[in-house]
Amino acid sequence: MANLEAWSDEPINGIEEDTFGRKRFAQLLAEAIDEVPIGAPSTVFGLVGPWGSGKSSVASMVGKILPNSWVTQSFTPWAASGTAALQLEFVAALDTAVGGGLAEDDATRTALRKYAKWASPVLAAIPGVGKALSGVGQLIVDEATARQPWSVEFEALAELLRTMGKRVLIVCDDIDRLDAVELLEFLKVVRLLGRFPNVHYLVAYDADTVEDLLAAEGIRGRTSSFMEKIVQHPFELPQIDRATRWRHISKAVSKSLDAQGVRLNESGMERYRLLIDTLTTGLVTPRQIARYENHLNVLTQLVPGEVDFLDFAALANLRLNHHEIYEALPEWAPQLRAGFWRSADEEEVEEGKTLSPEDWIKLFRDTSRRADITGAWESVRFLFPKLQDWRNINKPPHPQAFSDSRYSERYYSLGVPEDDISDVIVSRAIAWLMGVEPDDAAEEALSKISSSAHPSIARLAFEKLREHRQAYLQGFADGHRVTKLVTFLLSEYRRLEDSRNDPETAVDLIFDWLAAETLLGFSTGELTRGQLLELFGEDLCLTILHAINRPLLAGQDTHNVEKMLLDFANHFLDALDSQEKTALEPLESLRLRLSLISRAKGTEAIAGLLDPIVDGDTALFESAAIAMVRTESWHGDGSVRQNLSFETKEWTIAVSAQVRERMAASLTEEFDSQEIDYDDIASPNRRRVAIRSVRSEFRPGKDAASG
């Protein structure tokens with residue numbers, strides 16, 4: 001785990017720590033405060049800004065900027081519990097300031113302690129104090145009769161404070177954390193209990209919150225004028241400019257990128273810049289940016305390499321700042337994935353296709369408990385690229401995208417679900433298969449996935465393996481090395497071959513991949529025809545050659561496909577041209593060999609090719625005919641049906657009409673009138689189909705089914 005700096009939301013300690021461009025504002029505020037002359041009546045300055053906007057840090061800078069003729073003391077009203085404690089907290093703050101060298105003797109502090117006696121009768125209301133002061137009721141009576149009136153004590157202390165040579169600035173931070181009753185009590189403390197000459201206040205608060213609190217106490221409609229009586233000089237904290245926010249957020253995201261070892265290509269850098277633009281819209285205060293950075297640093301360690309980092313960073317903003325929208329995304333995902341279909345002139349979203357941006361934003365407002373959803377729509381648009389541009393409608397998602405339904409669950413579970421496959425393991429397995437480096441753990445994990453996992457999970461594993469394989473073809477000089485990979489795919493294909501009729505099996509995917517890697521290995525010279533025939537056997541090798549010839553594969557590398565097919569076709573043609581009786585062996589592959597030669601060299605290459613071998617030999621003629629019977633599979637209604645058919649095309653070209661007619665007459669007549677069950681794929685029935693098909697060509701009333 002990366003080393004993380006603890007984040008405590010503490011204000012900065014000095015001007016040199018300012019990274020949000022507030023230094024100049026703090027200087028101007030300090031200059032305004034310093035204009036209050038020594039001996040002046042108490043003045044209240046307001047530092048106004050929303051929660052997390054950096055009021056505490058600015059107040060800290062002000063304290064550092066003020067000249068030595070000032071003593072700065074913090075008064076934290078929300079740290080006190082109840083009215084009595086709040087009053088005593090204020091007296092303690094003032095006492096600390098006085099004890100800091102404001103008076104040359106103890107006269108001021110003595111006067112302050114006398115003044116503090118006015119707060120002592122409420123000590124009994126503080127939890128835990130009442131028991132210690134048994135008999136406090138009588139003491140209260142005694143004090144009340146012995147002390148001087150409040151005004152006398154106030155004037156005595158005020159006179160001493162007026163004559164001292166320094167000024168006190170009491171910084172009252174985050175008063176908007178108080179409840180309504182405590183807030184009113186605090187305002188009384190500032191304007192009544194602590195209104196001394198040379199004692200001034202810097203009160204930091206969120207105006208909207210304070211007005212809501214005052215409204216709760218029945219001061220609705222006149223809260224602004226009420227606060228004007230308390231705060232003579234309010235200063236609105238300036239917003240952080242977009243460029244500064246962009247720089248901070250970029251630094252935070254880059255830090256996590258580096259910690260995770262993520263490297264971005266050109267396309268990734270475009271998305272990175274778009275992400276920072278997106279986040280900058282919604283993260284507007286230092287606290288929001290700091291909380292986001294901490295959140296991202298911690299959570300990305302839970303899914304390293306398993307999700308797209310940039311998508312994770314965008315979703316982290318929703319998780320942290322717009323949680324209701326974050327939780328609703330899975331429900332909305334199908335519509336969001338669809339994107340926007342725009343009209344031909346690209347002016348309007350086509351009605352009925354999807355929700356408009358305005359509709360989505362309204363839905364977000366209705367879903368969120370927060371009044372401010374700034375940045376939420378931008379983050380959602382980043383996560384679903386089809387919302388960004390109608391031209392992205394047919395563009396596939398980037399790897400591990402949140403918008404890809406195969407990956408979205410990872411972003412919520414912060415891990416790889418049980419029915420999913422780790423991309424990290426897949427990537428390591430591919431590296432091992434490509435011979436980059438040995439990896440026993442990846443080999444073991446891959447073996448476990450492929451052999452014991454549910455067929456659908458195994459299929460997913462091979463899909464991901466092939467996706468990761470593309471990185472080696474595109475980004476690595478040695479990405480063409482295939483021998484180890486071909487051997488692995490071959491073993492997996494043979495292991496799963498019997499499950500071909502299972503709709504969830506991965507065998508077809510493995511076979512297509514095996515064919516593609518075989519073509520690549522042959523085209524680079526890594527695998528030769530002799531090696532492939534030895535590795536696969538003739539029958540499977542021919543099956544793979546026919547797969548390579550399919551348009552999906554052939555269209556990718558036509559030149560090498562033609563080259564490979566021709567090489568094998570010449571090899572098989574030379575064997576059949578020998579006219580040896582054994583040239584037909586193995587019979588199981590005869591049909592595929594003829595088809596391959598015909599595809600690579602044209603039908604004329606097989607015209608009458610079998611005549612010298614089968615003419616006059618009934619057994620060989622019959623065997624060749626049986627080799628022309630193929631099995632076809634039909635899928636539907638959750639089941640698989642197989643039947644037999646006769647390959648007429650290659651048969652009628654490879655064996656001339658004269659030889660076919662002459663030799664057909666030598667075959668048994670016993671099947672001529674029998675009912676043939678083409679759904680019976682057993683060997684005896686293959687013989688029936690072959691003989692019936694060959695003989696029916698030269699009989700009146702040809703059996704249409706045999707063709």
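Computed over heavy atoms, backbone and side chain alike; hydrogens, waters and symmetry mates excluded.
- Closest approach of R466 to D512, counting heavy atoms only: NH1-C, 4.0 Å.
- Without hydrogens or angle criteria, K464 side chain to I421 main chain gives a donor-acceptor distance under 3.5 Å.
- A donor-acceptor contact shorter than 3.5 Å links the side chain of K484 to the backbone of W432.
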Intermediate values then yes/no, side-chain contact (heavy atoms from CB on, under 4.5 Å), V689 and N685: CA-CA 6 Å; V689 170; N685 200 50; 4.2 Å; yes
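- Using a 4.5 Å cut-off on side-chain heavy atoms (C-beta onward), E632 and Q642 make no contact.
- Listed for the S589 side chain is no donor-acceptor partner under 3.5 Å among the backbone atoms of L592.
- Side-chain contact check for P385 versus S403: some heavy-atom pair is nearer than 4.5 Å.
- The existence of a salt bridge linking R692 and D672 is excluded, since no basic side-chain nitrogen approaches an acidic carboxylate oxygen closer than 4.0 Å.
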L264 and F309: CA distance, side-chain angles, deciding distance, side-chain contact (heavy atoms from CB on, under 4.5 Å) verdict: CA-CA 10 Å; L264 301 176; F309 177 87; over 6 Å; no
Residues R406, E467; criterion salt bridge (Lys or Arg N to Asp or Glu O under 4.0 Å); working and verdict: CA-CA 13 Å; R406 297 176 302 168; E467 289 174 4; 3.1 Å; yes
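- Residue pairs meeting the ring-ring contact (aromatic ring centres under 6.0 Å, His included) criterion with at least one member in residues 652-672: none, sequence neighbours excluded.
- Between V416 and S422, the closest heavy-atom pair is CG1-N, 3.9 Å.
- Contact detail for L383 and A314: the closest heavy-atom pair is CD2-CB, 3.9 Å.
- Between the CD1 atom in I653 and the OG1 atom in T603 there is a gap of 5.0 Å [rounded to 0.5 Å].
- Side-chain atoms of R410 never come within 3.5 Å of backbone atoms of V307 as a donor-acceptor pair (strictly under, hydrogens ignored).
- Atom CD of E497 has more than 12 heavy atoms from other residues, nucleotides or ligands within 6.0 Å.
- The closest side-chain heavy-atom distance from V380 to F384 is below 4.5 Å.
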V507 and E492: CA distance, side-chain angles, deciding distance, side-chain contact (heavy atoms from CB on, under 4.5 Å) verdict: CA-CA 8 Å; V507 69; E492 289 300 300; over 6 Å; no
R271 and D311: CA distance, side-chain angles, deciding distance, salt bridge (Lys or Arg N to Asp or Glu O under 4.0 Å) verdict: CA-CA 9 Å; R271 293 182 58 237; D311 279 1; 2.8 Å; yes
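- Here CE of M628 is found 10.5 Å from OG1 of T648. Values are rounded to the nearest 0.5 Å.
- Distance alone, capped at 3.5 Å, places no donor-acceptor pair between the R591 side chain and the V629 backbone.
- The distance from the CG atom of N560 to the CG atom of L520 is 8.5 Å, given to the nearest 0.5 Å.
- Heavy-atom minimum distance, P304 versus V424: O-CG2, 3.2 Å.
- Results of the salt bridge (Lys or Arg N to Asp or Glu O under 4.0 Å) test with R593 over E585, E538, E588 single out E538 as the only residue that passes.
- Here the side chain of E526 pairs a donor or acceptor atom with the backbone of V482 at under 3.5 angstrom.
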Evaluation steps, side-chain hydrogen bond (donor to acceptor under 3.5 Å, both in side chains), between T524 and R481: CA-CA 9 Å; T524 60; R481 294 190 296 173; over 6 Å; no
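- A side-chain donor-acceptor contact under 3.5 Å links S413 to the backbone of E409.
- With rounding to the nearest 0.5 Å, the separation of CG in L496 from CZ in R459 is 11.0 Å.
- Side chains of R695 and T668: a donor-acceptor N/O pair is absent below 3.5 angstrom, by distance only.
- Of all heavy-atom pairs spanning W513 and R469, the tightest one is CZ2-CB, 4.0 Å.
- Between E534 and R529, no side-chain nitrogen of the basic residue sits less than 4.0 Å from a carboxylate oxygen of the acidic one, so the salt-bridge criterion is not met.
- Side-chain atoms of L387 and F382, non-hydrogen and from C-beta on, never get closer than 4.5 Å to each other.
- Screening residues 562-612 for ring-ring contact (aromatic ring centres under 6.0 Å, His included) gives no qualifying pairs among residues at least two apart or on separate chains.
- Note that OH of Y411 is 8.0 Å distant from CG of L315, once rounded to the nearest 0.5 Å.
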D611 vs S656, side-chain hydrogen bond (donor to acceptor under 3.5 Å, both in side chains): CA-CA, chis, key distance, verdict: CA-CA 7 Å; D611 284 1; S656 64; 2.7 Å; yes
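- W332 has its ring centre no less than 6.0 Å from the ring centre of Y326.
- By the 6.0 Å contact criterion, NZ on K649 is open, its count of non-hydrogen atoms from other residues, nucleotides or ligands being 12 or less.
- Checking side-chain atoms of D577 against main-chain N and O of D574 turns up no donor-acceptor pair under 3.5 Å.
- Closest non-hydrogen pair, A605 versus L573, comes out as O-CD1, 3.8 Å.
- In summary, E670 and R688 do not engage in a salt bridge, as defined by a charged side-chain N under 4.0 Å from a carboxylate O.
- Atoms CG and OG1, on L489 and T518 in that order, are 8.0 Å from each other to the nearest 0.5 Å.
- Judged by distance alone, with hydrogens and angles left aside, the side-chain atoms of E580 form no donor-acceptor pair with the main-chain N or O of I613 at under 3.5 Å.
- Residues L535 and L527 are not in side-chain contact: their nearest non-hydrogen atoms beyond the backbone lie 4.5 Å or more apart.
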Trace of the side-chain contact (heavy atoms from CB on, under 4.5 Å) decision for L257 with Y272: CA-CA 10 Å; L257 273 171; Y272 172 86; 3.7 Å; yes
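- Side chains of R687 and E622 form a contact here, defined as non-hydrogen atoms less than 4.5 Å apart.
- Side-chain contact between F402 and D308 is absent, with no heavy-atom pair separated by less than 4.5 Å.
- Formation of a donor-acceptor pair under 3.5 Å by the N570 side chain with backbone atoms of L566 is found in this model.
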Residues T618, S666; criterion side-chain hydrogen bond (donor to acceptor under 3.5 Å, both in side chains); working and verdict: CA-CA 7 Å; T618 301; S666 67; 3.2 Å; yes
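- Between E697 and R660 there is a salt bridge, since at least one side-chain N of the basic residue sits less than 4.0 Å from a carboxylate O of the acidic one.
- The shortest distance between side-chain heavy atoms of E306 and Y407 does not fall below 4.5 Å.
- Judged by the 6.0 Å and 45° rule, R319 forms a cation-pi pair with F312.
- The residues R428 and D423 are annotated as not salt-bridged, no charged nitrogen and carboxylate oxygen being separated by less than 4.0 angstrom.
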